Each structure stands twice: as C-alpha cells, then as structure tokens.
Number of protein chains: 2
Amino acid sequence: MKLDKTDRKILALLQRDASLSASDIAERVNLSQPPCWRRIKRLEEAGVIQRRVALLDQRLLGLNVTVFARVKLSAHGKKSLPEFEQQIGDIPEVLECHTVMGDYDFLLKIVTRDIDAYEVLFRTRLSQMPTVQEIHSNAAISRIKITTELPLEDGQLKT
Amino acid sequence: MKLDKTDRKILALLQRDASLSASDIAERVNLSQPPCWRRIKRLEEAGVIQRRVALLDQRLLGLNVTVFARVKLSAHGKKSLPEFEQQIGDIPEVLECHTVMGDYDFLLKIVTRDIDAYEVLFRTRLSQMPTVQEIHSNAAISRIKITTELPLEDGQLKT
DNA sequence: TTTGAAACACGGACCAA
DNA sequence: TTGGTCCGTGTTTCAAA
C-alpha cells in the first residue's frame, strides 16, 4: 500500500483527534468530503488505521503508579515462551510487554493504583511465573511526555 | 468526581473501541440512549475521557524500530530540567518520557524507521543535549503485548 | 426515562477530469 | 484512477413531556 502526502496528513490528524468528522478532515486537506471519506475507509481496510480508542486519564481514575519492570527468564524458561506471553496477556495491569535486546529479556509497563497494589501484583503474579528468573522494578515518578502519535513526517516513513 | 459501575463499563467499552455509538453503548450497559449519552458527555467534561485517537499500525508505516533509552543527566543538568523536557517534547520520535526512580533518571520510548534512523537521532539530537550524561539504548525486538487500555476492574480503582 | 425534531455526518450512485 | 455533486439514511444532540 502506498501513501501519498494527503494520506499522511489525514493520518496525522486522526491520530491526534479521532473525533474529527470526514468533512472536518476534508476541509483541512483541501478535499471534498466523499473522496476524503474514501481515503479514510481505505486506510482502515488496509489496517493502517488499526482502531479508534478513547484515552482515559490515569490520575483521575486513581491509577497513580506506573512501573517499568525488566524481566529475565530462566534458561529453560525460554522454551515455554508462549506460556509466558499468555500469562502476561491475561494481566490487565500490564499495558505493554516488549522483547528487548541486551542484559534482560523483557520490558514491561505496568499500571496500578498505588505501590501496595504493585507489590501485591508482583508477589502474587509476576514473581510466581515459573519461567521468571529475575525482575527489576523501576517506578515512574512523573510523565514528561506521553503520546500515541507516531512520527509521520517526511523521511521518517517508507511511503 | 465519582464513578459508578455503569460509568466504568462505559469507559471500558470506549477505551477498547471509540467508534461505538452512544446507542451501541447504551444497549450494552442496559440504559436508553439519552442518559447514556449524558454520562459519556459528563465523563468527557470531567476529563476522565481525555481524547479520542486513531491508533496506527507501526509496521505498515515502516516504523520498524522501537528503542527504550535510559537517560542519566549530569549533576548540574538537573537544574535545567525544563530545558530537557522542552527538547524531548520537540522530538516526534520520542513517544514517551518518564522520570524514574533508580539508577537512571529517565526512560524514553522512541520509534524510528530503522536502526540507522535511530543512530542518526541518537547522534544528532539525544546525545547532543547539554544536560545528558549517559544513555543506554535497548532495541525492542518484538511486541508481546501493547495496549492503551487501563485496568478498570473493581479493586484496581478508587471510585 | 421516553419521545421527537433539527442538525449533522455517513456512505452510496453517478458524473467529470 | 481520483475528485466532485447530489441525495437518502442514520446518528447525534438537545428540548420537552
């Protein structure tokens, strides 16, 4: 799928504010509504636009703690990776889990109500996973920047 | 602001799929459409629903590399924190920047097209910031889990 | 909570460049 | 192939019972 400049403009607008209507966007990219709508549809069908979601305020929901946990699996545990991935998927407090290169195996982003809730999660679930050898937890104190907007400027993308 | 069970159900639905209409949601939470719509509006006005965004497919956009960078500022650099935060905010490839407790000061999540693009970003921007003393970069190989859905189940929230 | 009306957005048919 | 105009349908939004 190839994306021209107009497509990228549309994507940039939508990943900033998905409540914009097709005609709002049409106006900003100098198109009339139907062709603009067709482009959006096409981007959705191609999967470039994965989904539309509401972002909630963590603080207002009382979810005050974000922890980054670096996890190392035991040597034999690496055979049962699917099991580990399955278990991680089942913990709603784990927002992200990435396999990383370097001195540890996974980086997890975890959100809980407070430190106590994290401690419980850590003790009863994370450290209980049979494959886990070692976990280093680092609590985040403040969010300097946090966005879901991917960089779409020229030169950062393959088109 | 207090949230009852119905509010939390609405939030759970919207943070999974913001394309649901007010009547779709009304149906699933056993309400008629207008009161359901009023609740959504109220949640938006209170800021619990911060915004609605489109999530794009990183791979399809050719953004194949995610790097987590651990940054340490120089001792005197900690005075000019606002400057650092400003500069971070201006780099679109930096999606997240958290202040963390522990052996380093910040954790950054960075997305680029490929390793070369990261190297350029690292050399020309990140390592050039006058306040930065040390950066450890860890490339993420695969995404096991990645979601923007906050955990809303009972007991995880203050209501 | 239900009804309903006005405004608006969506999405198809069809034509022009 | 891509954009434009026209128009029917459904949704949102909000007032009134």
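Since we're looking at a predicted model, the values are computed, not measured. Proteins get letters first, then strands, A, B, ... in listed order; numbering begins at 1 in each.
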- Task: Would you mind telling me which residue lines up with the more 5' stretch of DNA chain C, P34(B) or S23(A), judged by nearest nucleotide?
- Result: P34(B)

- E45(A) CD - dG11(C) P separation (whole Å): 11 Å

- Note on the structure: Comparing D24(A) with R38(A), nearest DNA chain C nucleotide closer to 5' gives the residue D24(A)

- Item | Check against side chain to side chain contact (heavy atoms under 4.5 Å, CB included), V100(B) and R70(B) | CA-CA 9 Å; V100(B) 290; R70(B) 287 173 282 167; over 6 Å; no

- I40(A) CD1 to dG11(C) P, in whole Å, measures 10 Å

- Item | Between P of dG3(D) and CZ of R42(A), the distance in whole Å | 9 Å

- Query: Where is the tightest heavy-atom contact between L95(B) and E149(A), given as atom of each residue plus distance?
  - Reply: CD2-O, 3.0 Å

- Message: As a test of reading the structure: which of dG3(D), dT12(D), dC10(C) is closest to the side chain of P35(A), going by heavy atoms?
- Response: dG3(D)

- Spacing of I10(A) atom CD1 relative to dT2(D) atom C1', expressed in whole Å: 12 Å

- Mind calculating the distance between CZ (R52(B)) and C1' (dT12(D)) to the nearest angstrom? 12 Å

- Would you kindly give the CD-to-P distance between E44(A) and dC10(C), to the nearest whole Å? 10 Å

- State, to 0.1 Å, how close L73(A) and Q133(A) come at their nearest heavy-atom pair, and which atoms those are. C-CB, 3.8 Å

- Note on the structure: note: Q33(A), atom CD; dC7(D), atom P; distance rounded to Å ~ 15 Å

- Base, sugar-phosphate alone, or nothing: which one does K41(B) contact when heavy atoms must sit under 4.0 Å apart? sugar-phosphate

- Quick one: does R39(A) reach the base of dG3(D) with a side-chain donor-acceptor pair under 3.5 Å? no

- Task: Could you state the atom-to-atom distance from NZ of K5(A) to C1' of dG3(D) in whole Å?
- Result: 19 Å

- Message: Quick check: F68(A) with H98(B) (ring centres under 6.0 Å apart)?
- Response: yes

- Compare side-chain N and O positions of W37(B) against OP1 and OP2 of dT13(D) and report whether any pair is under 4.0 Å apart. yes

- Query: If you check every side-chain atom of L31(B), which of dG4(D), dT1(C), dG12(C) has the closest atom?
  - Reply: dT1(C)

- Candidate pair D105(B) and V71(B), rule side chain to side chain contact (heavy atoms under 4.5 Å, CB included), full reasoning: CA-CA 6 Å; D105(B) 299 316; V71(B) 174; 5.9 Å; no

- Task: May I ask you to say what S21(A) touches in the nucleic acid, namely base, sugar-phosphate or nothing, with a heavy-atom cut-off under 4.0 Å?
- Result: sugar-phosphate

